[in-house]
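Everything on this sheet refers to the single structure shown next.
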Amino acid sequence: MKAKVDPELCIGCELCVQNCPAVFIMESDKATVLVDLVPEEAQGCCRQAKEDCPVEAISIEE
Ligand code: F3S
């Protein structure tokens, strides 16, 4: 599984970082993805982060 943050959409609310710190970090005022492949144990929180992002900036590729 891969995750992506669209920097054009991200408003820097940091919810994804709180939801899933193993995958997302803040880089200046936007979130970015730390890992090339989302590790098994972080897939649940990664999906949650996608669900919860208020501007739908997160996309997931299975
Ligand atoms: Fe940005 Fe959405 Fe995360 S707005 S900081 S990608 S929850």
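When a ligand or atom number is given, it counts from 1 through the structure's own listing order. Just so we're clear, the structure is a prediction, and the values are computed from it rather than from any experiment. Numbers here simply count residues along the sequence, with the first being 1.
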Near [X], which atoms of ligand 1 are under 4.0 Å from a heavy atom of that residue?
X: A31; answer: 3 (Fe), 5 (S)
X: V55; answer: 4 (S)
X: E14; answer: 5 (S)
X: C10; answer: 1 (Fe), 4 (S), 5 (S), 6 (S)

Subject >> Nearest-option assignment for atom 2 (Fe) of ligand 1, heavy atoms, candidates C16, C53, P54 >> reply: C53
Pairwise distance [atom1]([X]) to [atom2]([Y]) - rounded to 0.5 angstrom:
X: M26; Y: E14; atom1: CE; atom2: CD; value: 4.5 Å
X: I11; Y: D29; atom1: CD1; atom2: CG; value: 11.0 Å
X: E27; Y: C10; atom1: CD; atom2: SG; value: 11.0 Å
X: C53; Y: N19; atom1: SG; atom2: CG; value: 10.0 Å

Subject >> Thiol sulfurs of C45 and C20 closer than 2.5 Å >> reply: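 Between C20 and C45 there is a disulfide, given that their SG atoms are under 2.5 Å apart.
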**OP:** Specify the protein heavy atom at minimum distance from atom 4 (S) of ligand 1: its residue, its atom name, and the distance to 0.1 Å.
**Re:** I11 N, 3.4 Å
Original post:
Of the backbone and side-chain N, O or S atoms of C13, does one lie nearer to atom 2 (Fe) of ligand 1 than 2.8 Å?
Top reply: no
Subject >> Short side-chain to backbone donor-acceptor contact, K30 and P7, under 3.5 Å >> reply: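 Yes.
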